[in-house]
There are 2 protein chains.
Amino acid sequence: MYLLSKYMGLAKTEIFTDLQNEIALYAKVFGHPARVSILQHLFKIDTCVCGDLVNEIGLAQPTISQHLKELKNLGLIQGTVEGTSVCYCIHKENWTKMKEVMFKFLDQDLPKADCC
Amino acid sequence: MYLLSKYMGLAKTEIFTDLQNEIALYAKVFGHPARVSILQHLFKIDTCVCGDLVNEIGLAQPTISQHLKELKNLGLIQGTVEGTSVCYCIHKENWTKMKEVMFKFLDQDLPKADCC
DNA sequence: GATATTAATCGTAATATTGCAATGTACTTA
DNA sequence: TAAGTACATTGCAATATTACGATTAATATC
């Protein structure tokens, strides 16, 4: 009968805690290898990257632009216009905040006993 | 013209490194609050959970079952049949392996300089 | 064996994500 | 001002994900 069809394909975020949704949002943005690649590159070059991300990663310019937008929306990177190009780098403060949230989630104490 | 339409909506995993794809796979499974919630519950009760996950989280039984399957497919949890119910717990060894991979990614050294 | 309980699977509907061509916008330079 | 460069946005096609009703499978209990 599908009375609740308005929800299908859409996460029911309202039944979860803010923290659970926050963790999921961060994780989701890391859930694509292109975004992982972009972030690794930003860490590797240890400064802003201006323009060469499209060459670095083998995806079309609009695709890269879209991935950058998602990272920027979450606040994990920042971009500044530099002439005709845009320079991107890790948003250090927000990255650290994200790291604390994710570490706390990933680093919980494992159960002592072998239960099953 | 969309000659490469076979790729659309599908991540082009082949152009990324194994590590990038591995990080993305782990992150993706954490990218839904229901799975975050399931894992938090497994950590919290500090032993196996047998059966009450559907009551604990407000989603239908097939939905929970599906999320559990994804966690199991990645090896992060394990389940053993116990009568008519199934008991789940964190797969400690695999969780630790995952943690190492994710920590290495999240904990990279931030650039010293404020670049942009 | 019949019935109840629990969880997995199937089928399906709806939304989300991915990717890129085409286009738009902003700035630079000739 | 015209042309070029770099990036964002739009539009759209294809696949992926989420959710749940219905059903199935397996075990337990009567």
Side-chain angles (χ1 to χ4, degrees), chain A residues 1-16 21 24-25 27-38 48-73 77 79-88 116, chain B residues 1-16 21 24-25 27-38 48-74 77-88 116:
Chain A
M1 210 72 79
Y2 300 107
L3 292 172
L4 296 169
S5 61
K6 59 180 165 168
Y7 287 130
M8 291 171 181
L10 172 60
K12 295 174 87 172
T13 56
E14 72 279 3
I15 68 170
F16 301 105
N21 282 312
L25 275 179
K28 205 183 217 174
V29 90
F30 299 137
H32 193 289
R35 292 189 289 268
V36 171
S37 174
I38 288 170
C48 334
V49 60
C50 302
D52 61 340
L53 274 171
V54 174
N55 300 330
E56 195 69 26
I57 302 161
L59 291 171
Q61 180 267 322
T63 308
I64 298 293
S65 189
Q66 191 174 279
H67 285 305
L68 286 167
K69 193 180 178 182
E70 286 175 64
L71 289 166
K72 208 161 48 175
N73 284 345
I77 65 171
T80 48
V81 178
E82 199 90 6
T84 64
S85 65
V86 179
C87 297
Y88 287 102
C116 46
Chain B
M1 210 70 81
Y2 301 108
L3 291 172
L4 297 171
S5 60
K6 59 180 165 167
Y7 287 129
M8 291 174 180
L10 174 60
K12 296 174 87 172
T13 55
E14 72 278 3
I15 68 169
F16 301 105
N21 283 312
L25 275 180
K28 205 186 221 172
V29 89
F30 299 136
H32 192 289
R35 292 189 290 267
V36 171
S37 174
I38 287 170
C48 335
V49 61
C50 302
D52 63 338
L53 273 170
V54 174
N55 301 328
E56 195 69 25
I57 302 159
L59 291 171
Q61 179 266 323
T63 309
I64 298 293
S65 188
Q66 192 173 276
H67 285 306
L68 287 168
K69 192 180 177 182
E70 286 176 64
L71 289 165
K72 208 161 48 175
N73 283 345
L74 260 189
I77 65 172
Q78 56 190 314
T80 47
V81 178
E82 198 90 7
T84 64
S85 66
V86 178
C87 297
Y88 287 101
C116 46

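We name chains A, B, ... by the order of the sequence lines, and we start the count at 1 in each one.
Whole-Å rounding puts the Leu68(B) CG to dA7(C) P distance at 9 Å. Rounded to whole angstrom, the span from the CD1 atom of Ile64(A) across to the C1' atom of dA21(C) amounts to 16 Å. Regarding Glu14(A), its CD atom lies at a distance of 14 Å from the P atom of dT15(C), rounded to whole Å.
Remark: Tyr88(A) is not in phosphate contact with dA6(D), judged by side-chain N or O atoms under 4.0 Å from OP1 or OP2.
Contacts of Thr13(A) classified as side chain to side chain contact (heavy atoms under 4.5 Å, CB included), with partners at least two apart in sequence or in another chain: Ala11(A), Asn21(A). Residues passing the ring pair (Phe, Tyr, Trp, His ring centres under 6.0 Å) test with Tyr88(B): none are found, sequence neighbours excluded. Partners of Thr84(B) under the side chain to side chain contact (heavy atoms under 4.5 Å, CB included) rule, at least two apart in sequence or in another chain, do not exist in this structure.
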Nucleotide N/O to protein N/O under 3.5 Å, stretch nucleotides 16-18 of chain C:
residue	atom	partner	partner atom	Å
dT17(C)	OP1	Lys28(A)	NZ	3.1
dT18(C)	OP1	Arg35(A)	NH2	3.3
dT18(C)	OP2	Arg35(A)	NH1	3.1
dT18(C)	O3'	His32(A)	NE2	3.4
dT18(C)	O2	Gly9(B)	N	2.4

Pairs under 3.5 angstrom, nitrogen or oxygen only, protein versus nucleotides 4-6 of chain C, please.
none

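When the nearest nucleotides of DNA chain D are assigned to Asp52(A) and Thr13(A) by heavy-atom distance, the more 5′-ward of the two goes with Asp52(A). Toward the 5′ end of DNA chain C lies the nearest nucleotide of Lys69(B), the other residue of the pair Lys69(B) and Ala34(A) mapping further downstream.
DNA chain D is contacted by Leu59(B), Ala60(B) of residues 53-61 of chain B, taking any non-hydrogen atom closer than 4.0 Å.
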Tabulate below the donor-acceptor pairs under 3.5 Å that side-chain atoms of residues 63-72 of chain A make, not counting sequence neighbours, or state none.
residue	atom	partner	partner atom	Å
His67(A)	ND1	Arg35(A)	NH1	2.9
Glu70(A)	OE1	Arg35(A)	NH1	3.2
Glu70(A)	OE2	Arg35(A)	NH1	3.4

